[in-house]
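Step one of this worksheet: look at the structure below.
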Amino acid sequence: KMMIGSLINKEIRTTQNINTVSEMTILGIKINCNACNVTEVNILSKMPTIKRDIQQWNRRGLTPIGKICILKTLLISKLVHIFMALPNPSDQRLKELENLCFEFVWGNKIDKVKRTKLIQTYSRDGLNMIDLKSFVKSLKISWLKRLLTSSADWNTIALNEFPEVHHFLLYGHKKLRLLRAKTTNPFYSDIIDAWAQYNEQYSPTIEQIVTENIWFSNWTKFDTSIIKKWNEKGLRFISDLYDPKTGMVYSKQNLEHIYGIQINFLCYASLIRSLPKDIQKQVNKTFITNPICPHKISQIMSNERFSRTAYATFVENKRSNNNVSNERLRSKWIADIGDFLEGSLQTVMKATSFTYLIYFHFKMIHRIYATNNLLYKINITENNLCTFCEQQRETIYHLFWQCPKTKIFIKEILSHIKNTYNTNSNIN
């Protein structure tokens, strides 16, 4: 047996020969008397195994692409059940895990590309590196579908922490944060916080916005309040403000007549003006359907894993951290070749699955390829001249395009293509 709560420091005698323990393992989760640090205890118990695996994989000549694959499939997967079933780890613990992962990717050297850039998708010229904070939040959000569909005993206990789940799922982030402040259970508090952050960062379409609630919504003045009489009379969704035949916003008089309510003119005007400007007068009438199925519930109940959508939203939101570095990179390429197209990494991946070539292209587009010009600046080479022509500075642009020997090589490739496939090609 294990004493918990107020019984921790008390001795209870029984006629049965039962041993008292301070810690036990249930379904792979270590539980101790002090529930406050249960997450830390479980993560620390996995760390030696993860570090040992990293040491083994460091002996192989893997590219960062291969290492990211190892991280996702063999290393971080050891912690998924902990992230999902227990309260979130501390920020310090997550930071330690993040540093461990990025040190593995870069071979215990300094980061060559910003972390918020590396976690982006291939279409954004990232490498799909895992972002631990976003990953943990997306796992917590996966519990929302279980709250909607499960009839198990745990669900009854969980709903004591929430309002009615169909209402809770429609709250905007401001109302959710008020609810989180009143929640004492750290696990359910993390679920609410993750859901609030998703609502704050996700950008719905106009078609989705009209399915939102009027009350406690991010899209109306009633973000933390409700007029119960209006709600009881059926004025609940933003789409209820529109005429389904024309898509036009109902006038004050029409709303009063249809729903049998009294509306102050100032309240009506402020409600309409609080809506997004694109829909303050009219929406596409095909967006107004009855019965209404709120887009948030549709997303959660879809066949696809909603946690993946949430993770993509969190990662996409971090793109703004790269605006300055992206603009600097763009300006350098425009100065060299007059153009820069984001997403070329995804195009390369369609042409080859050879990770060394893909990573070679990644280094080129991010200008982290170690040319003699760079090596000379950090005192590794004696000069900055091109390795092949030995006439000009060896920059990325010179090495792969301007160098006379490179141009000869390109001509030989074009000649081979023409002779073999009878196809004329032009590289500019």
Side-chain angles (χ1 to χ4, degrees), residues 4-6 8 29 31 33-40 82-94 133-202 204 211-232 235-238 271 274 294-297 299-301 306-307 310-311 313-314 317:
I4 60 175
S6 60
I8 291 178
I29 300 291
I31 302 174
C33 301
N34 185 7
C36 296
N37 64 351
V38 62
T39 307
E40 301 290 314
I82 297 174
F83 293 150
M84 180 173 287
L86 298 176
N88 290 350
S90 64
D91 290 341
Q92 180 183 356
R93 187 64 60 199
L94 277 177
K133 286 187 177 180
S134 299
F135 182 62
V136 171
K137 287 186 289 187
S138 64
L139 288 177
K140 288 297 190 295
I141 283 179
S142 68
W143 284 93
L144 296 176
K145 187 171 184 177
R146 300 183 184 93
L147 283 170
L148 269 176
T149 58
S150 177
S151 57
D153 292 340
W154 72 266
N155 200 358
T156 304
I157 299 172
L159 292 179
N160 291 330
E161 296 283 342
F162 300 108
E164 188 175 345
V165 65
H166 291 85
H167 295 311
F168 163 75
L169 292 176
L170 301 182
Y171 288 168
H173 68 274
K174 291 183 179 179
K175 177 63 176 177
L176 287 168
R177 292 216 160 88
L178 292 176
L179 180 63
R180 179 179 181 268
K182 299 177 182 179
T183 305
T184 56
N185 186 299
F187 178 77
Y188 295 122
S189 178
D190 290 338
I191 294 177
I192 296 172
D193 185 53
W195 184 230
Q197 290 187 49
Y198 174 78
N199 276 272
E200 187 174 14
Q201 296 177 17
Y202 180 72
T211 69
E212 291 259 3
N213 257 9
I214 293 175
W215 321 114
F216 310 125
S217 168
N218 291 338
W219 305 101
T220 71
K221 61 173 287 188
F222 297 104
D223 48 9
T224 57
S225 61
I226 183 175
I227 301 179
K228 291 185 177 180
K229 289 184 179 179
W230 295 10
N231 184 66
E232 291 168 356
L235 186 57
R236 300 187 182 99
F237 300 99
I238 292 177
L271 170 60
S274 68
H295 76 92
K296 293 178 184 176
I297 294 180
Q299 284 182 321
I300 292 173
M301 293 302 295
F306 178 63
S307 57
Y311 177 80
T313 299
F314 293 138
N317 188 257

Rounded to the nearest 0.5 Å, how far apart are [atom1] of [X] and [atom2] of [Y]?
X: S142; Y: I191; atom1: OG; atom2: CD1; result: 8.0 Å
X: E40; Y: L86; atom1: CD; atom2: CG; result: 10.5 Å
X: I300; Y: L148; atom1: CD1; atom2: CG; result: 6.0 Å
X: D190; Y: F83; atom1: CG; atom2: CZ; result: 12.0 Å
X: Q197; Y: I141; atom1: CD; atom2: CD1; result: 8.5 Å
X: S225; Y: K175; atom1: OG; atom2: NZ; result: 9.0 Å

So [Y] and [X], do their side chains get closer than 4.5 Å, heavy atoms only?
X: N218; Y: E212; value: no
X: L176; Y: F216; value: no
X: N88; Y: T39; value: no
X: Y198; Y: H173; value: no
X: S274; Y: T220; value: yes
X: L144; Y: F168; value: yes
X: L147; Y: W154; value: yes

Problem - Exam field: side chain T211 to backbone H295, donor-acceptor pair closer than 3.5 Å - result: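 Side chain of T211 to backbone of H295: a pair is present.
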Exercise for the section: Determine yes or no for a side-chain-to-main-chain donor-acceptor pair under 3.5 angstrom, with S138 supplying the side chain and F135 the backbone. Expected result: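 Looks like yes, one N/O pair under 3.5 Å.
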Practice task
Starting from the C-alpha separation in whole Å, work towards a yes-or-no answer on side chain to side chain contact (heavy atoms under 4.5 Å, CB included) for F237 and N213.
Solution key: CA-CA 4 Å; F237 300 99; N213 257 9; 3.2 Å; yes
Problem - K174 atom NZ, neighbour heavy-atom count above 12 within 6.0 Å - result: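 At most 12 heavy atoms, drawn from other residues, nucleotides or ligands, come within 6.0 Å of this atom.
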Handout entry: Within the 6.0 Å centroid threshold, strictly below: W143 and W195
Key =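 They do not qualify: ring centres at least 6.0 Å apart.
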Practice task
Return each pair, listed once, that meets salt bridge (Lys or Arg N to Asp or Glu O under 4.0 Å) where at least one residue sits in residues 177-188; pairs must be two or more places apart or across chains.
Solution key: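 Sorted result for residues 177-188: R177-E200, R180-D193.
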Exercise for the section: Determine the minimum heavy-atom distance between F314 and A194, stating which atoms define it. Expected result: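 For F314 versus A194, the nearest heavy atoms are CZ-O, 3.8 Å.
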Practice task
Work out which heavy atom in P87 is nearest to a heavy atom in K140; give both atom names and the distance.
Solution key: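 What the structure gives for the nearest pair is C-NZ, 4.2 Å.
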Exercise for the section: With K145 as the cation and F306 as the aromatic partner, state whether NZ or CZ is under 6.0 Å from the six-membered ring centre and within 45° of the axis. Expected result: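 Output no; distance or angle outside limits.
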Problem - Test applied, side-chain contact (heavy atoms from CB on, under 4.5 Å); reference residue, W215; option that passes from D223, N231, L170 - result: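 Among D223, N231, L170, the one meeting side-chain contact (heavy atoms from CB on, under 4.5 Å) with W215 is N231.
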